Every structure is written in C-alpha cells, then in structure tokens.
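Nothing fancy with the numbering, it's 1 onward along the sequence. Just so you know, ligand 1 is whichever comes first in the structure, and atom 1 is the first atom listed for that ligand. The structure presented is a predicted model; accordingly, all values stated were derived computationally and were not measured.
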Amino acid sequence: MAQRPLNVGLVGGGRGAFIVHPHQRAIHFDGTRRVVAGALFPDPKIALEEAEKWPYPIRGYGSYDEMIAANKDLPEDQKLDYILIVTPNHVHFDPAMKALKAGIAVFCEKPLCLNLKEATELVKAVRKTKIPFGVAHTYLGHWTSRLARYIVRKGLIGEVRWVDSYYLQGWLATKLEDTGLQQAVWRTNPKMAGGSGCGGDIGTHALMQLRYVTGLEVTHVSAQLETFVEGRALDDHFTVYCKLSNGGRALVRASQVCIGHKNDLGIIVAGTKGTVEWRQEEPERLVVHLPNQPDRVYWRGAIAAGDGFLPKDEALEALLKEPTIPSGHPEAFHDAFARLHRFFEADVRKWKAGEPFSCDGSNYANVADGWMGIAFIETCLKSSAKKGAWTPMPKPITV
Ligand SMILES: NC(=O)c1ccc[n+]([C@@H]2O[C@H](COP(=O)([O-])OP(=O)(O)OC[C@H]3O[C@@H](n4cnc5c(N)ncnc54)[C@H](O)[C@@H]3O)[C@@H](O)[C@H]2O)c1
C-alpha cells in the first residue's frame, strides 16, 4: 500500500504573500506530500482567518509557536513531517530553531537568516539533532542545472577558468517600497532583510548556482554594494569579483535596478576546453560551446549518453532516468520547486525510518550552503566598506 503523504506545516503565506504559492503547488506536485497546517500571518487573529480562506482545508494556528508546540500531541498520522518557512528573512531563524528543537524537519527559504551568528547556531543545531534541513535555492531544481553540474564536475569543459553567475532584475528601479508593496517594503529594510538588500535577496542565488554547478568555493571577494535609488537603506546593485578555490576567477553579480530584466538568473562557466551557458528564463536549454565546433544545444528530455560529448556513465544514466515530462512540454519554475521538495521528501522519509539520509547538498541546498550564503554576504559587506579591498571568505563548512 502507498505510504501516507508527508504532512507539511507552513510558516508564513497569508495575505498577498508570494513564494508560498509556488511552494504549496510544488508540495502537492506528486501527491506524496500535502500542506496540512499553517501559521500564516504575524497577527494571530488574521492568521486564523487566512487559514480559513486557504484554498483547501488546513489546520490554522495563531502563531508558529502554537503550531510547533501542538505537534507533539497530535496523532501520529497528523504530525508534521516538515515545516516550510516562507516568511521574510528576519523570521527564519526563530521558527527554524524551534522546529529543530521539537524534532521537526525544516525546509527554509533563502537567505538562511539575518547574520552569521544565527547561521552558525542553526548549523550547530542541525549537527546536534541530525534532522534534515533544506534551503530553497530554487534554481538547483531545474533538470538542466543538474546537467550543467554533471558536465562541469565531470571535467567535460576542462578546468574552470572563469564563471559569470548573475541574477538581474529591474522591479526595484524606482522606490517601490514607498507604495507599501509588502515584498518591496521588507526587502529594503535592514531589520527584516539583513545587511544587504540585493545581495542577500538574489546575489545569494547567484553564489549558490556557481557553487552547485562548479563544486568550487569562493576564497576571496572584492565587492561593490551600491544603491542607485535615492533614500533606499540597502544596496540595490551588487557586484563581486571572486577568487575561486581552483585559482580561477568569477563574477557574482545581481541587480534590482536593471530595467527590462525580470528574473534573469544565469551562469556562464568557461573552462579550458569549452563553455557551458544556462539561463533560468529559458530553463529547458543548456548550451555547450566547444572550440571550432557548432554549438551544442541540449534540451531536457532529448539527450542521450554517448553522443560524442556526453559520455556513458552511471551518473549521467541516473540523471537521464529522473522523472520528467517529454521534451517540448516545458518544465519551469514550479517543476524546479517540486524537484527540491521531492528530494527533500526522500531524505525526510529515510530519516523517519531511522535510515541514513544524505542531505549533502547534491540535490538541494542544505544548512551549510545557507551558512555559506550568509558568510558571503558578510564578507562582501566588509570588502565593500573598504572600497572593494580583497577580503578572505571564511573556510567552507559541511553539516
Ligand atoms: N527561492 C526563491 O526563489 C524565492 C523567491 C521569493 C522569495 N523568496 C524568499 O522567501 C521569503 C518570503 O518572501 P516573499 O516574497 O514570499 O515574502 P512575502 O512578503 O510575499 O510573504 C511573507 C509572508 O510571511 C508572513 N509573515 C511575516 N511574519 C510572520 C510571522 N511572524 N508569522 C507568520 N507569518 C509571517 C507574511 O504575512 C506573508 O504572508 C523570503 O525569505 C524571500 O527571500 C525566495
């Protein structure tokens, strides 16, 4: 008989919230996970009203404290298997810590939290409790991101010399926060967003994409955090030149004032034998450039091992066997989220069964990746304050 779906509790998501919706669709994508509860808003009365209005029945709670505390007394089949944290950045640390202490797995939005002190405490708590913890770096969930990672890490484009990892947006090119739009208000408030606006919000995605695809770490940064919109408290433009752990170089850049660019995240990895390029706004295609050859354009779903560039090996065969739909029926943002939740579900099920689980960052970002994102932002803030002086990153950690 099929196992019961995993039960997910939401922290945040009421009244005009954004990212909860792609997540909740992705949670229900396979029928093996479902949202059963939520603490959807900071005001307890509104939180309960929002739960009543949810598109399908869920248990509403006045606060995440109540939701986490109530869990231990629920019948086994109603207990939460994991919580999803989709609140602004200043409300990540507290619910995550409380869930870990209550023995509940956590899938948390990025950036992990507000600062390195909080991030370090979370890493310690995960190490101590040995509970699965995922961080929602969406773009790792695209099948083509996984193919890019395979190609680069397998050495098919040689040694990595140069990476351009970027995330360009234009939606904050005016002082949108003054209109009261909630997503703009908290993202430009240092108490709610953290020390960097653009860097924390989308520069962390660009960093994660670089680390995931190449397996390289940033060792030193020379950063310029700039604010183009007058009166804004945080950077809206983020440019970081990086030294990589293999001696290569990278540009990690993000902008919220680049009019016309919507969610233009992409990566160019230039190696000694070729270059790989991928953009999330065209997520089904990955381009490989080889010297003196026509470009190879790989479409998800229309790829075979042993084609003269892609070898035949177990890792690629496993990647090709992953469930996707036929090529030409486009996969996109929701599919990427679903893939992250699918892999997280597998780890949560193993953990609950007392079996070893990986949570090693190969299928979704983990708490150590979240920590690296925060370490990167803090190091960039230091470098920028010294006019872009080369500044060393803390040593990478694992869970
Ligand atoms: N992975 C991605 O691609 C991606 C995209 C967008 C946002 N995000 C991240 O997701 C998080 C949320 O961003 P958003 O744009 O959806 O924000 P949002 O403002 O649209 O939604 C935040 C929600 O949190 C609720 N909330 C705030 N404090 C709360 C509390 N104490 N208890 C319960 N609920 C509370 C708000 O009422 C709202 O429902 C942020 O950390 C952001 O960086 C990630």
Visitor: If I take atom OG from residue Ser165 and atom CZ from residue Arg211, how far apart are they, to the nearest 0.5 angstrom?
Guide: 11.5 Å

Visitor: Parallel under 30°, tilted from 30 to 60°, perpendicular over 60°: which one fits the rings of Phe107 and His23?
Guide: perpendicular

Visitor: Please list, chain by chain and in numerical order, all residues satisfying ring pair (Phe, Tyr, Trp, His ring centres under 6.0 Å) with His237, sequence neighbours excluded.
Guide: Phe228

Visitor: Answer yes or no: is there a side-chain heavy-atom contact under 4.5 Å between Trp171 and Gln183?
Guide: yes

Visitor: Only counting residues at least two apart or in another chain, list the ones meeting side chain to side chain donor-acceptor pair (under 3.5 Å) with Glu226.
Guide: none

Visitor: Scan residues 265-300 for pairs that pass ring pair (Phe, Tyr, Trp, His ring centres under 6.0 Å), counting only residues two or more places apart or in two chains.
Guide: His142-Trp278

Visitor: Would you mind writing out a table of all protein N or O atoms found under 3.5 Å from any N or O atom of ligand 1, naming both atoms and giving the distance to 0.1 Å?
Guide:
residue, atom, partner, partner atom, Å
ligand 1, 1 (N), Glu109, OE1, 3.1
ligand 1, 1 (N), Glu109, OE2, 3.2
ligand 1, 1 (N), Ala136, O, 3.0
ligand 1, 1 (N), Thr138, OG1, 2.8
ligand 1, 3 (O), Thr138, OG1, 2.8
ligand 1, 15 (O), Arg187, NH1, 3.1
ligand 1, 15 (O), Arg187, NH2, 3.0
ligand 1, 16 (O), Ile19, N, 2.9
ligand 1, 17 (O), Trp186, NE1, 3.3
ligand 1, 19 (O), Gln182, NE2, 2.9
ligand 1, 19 (O), Trp186, NE1, 3.0
ligand 1, 20 (O), Phe18, N, 2.8
ligand 1, 20 (O), Gln182, NE2, 3.4
ligand 1, 20 (O), Gln183, NE2, 2.6
ligand 1, 39 (O), Gly13, N, 3.0
ligand 1, 39 (O), Gly14, N, 3.0
ligand 1, 39 (O), Gly14, O, 2.7
ligand 1, 41 (O), Thr87, O, 3.2
ligand 1, 41 (O), Asn89, OD1, 2.7
ligand 1, 41 (O), His92, NE2, 2.9
ligand 1, 41 (O), Lys110, O, 3.2
ligand 1, 43 (O), Asn89, OD1, 3.4
ligand 1, 43 (O), Lys110, O, 2.9
ligand 1, 43 (O), Lys110, NZ, 3.0

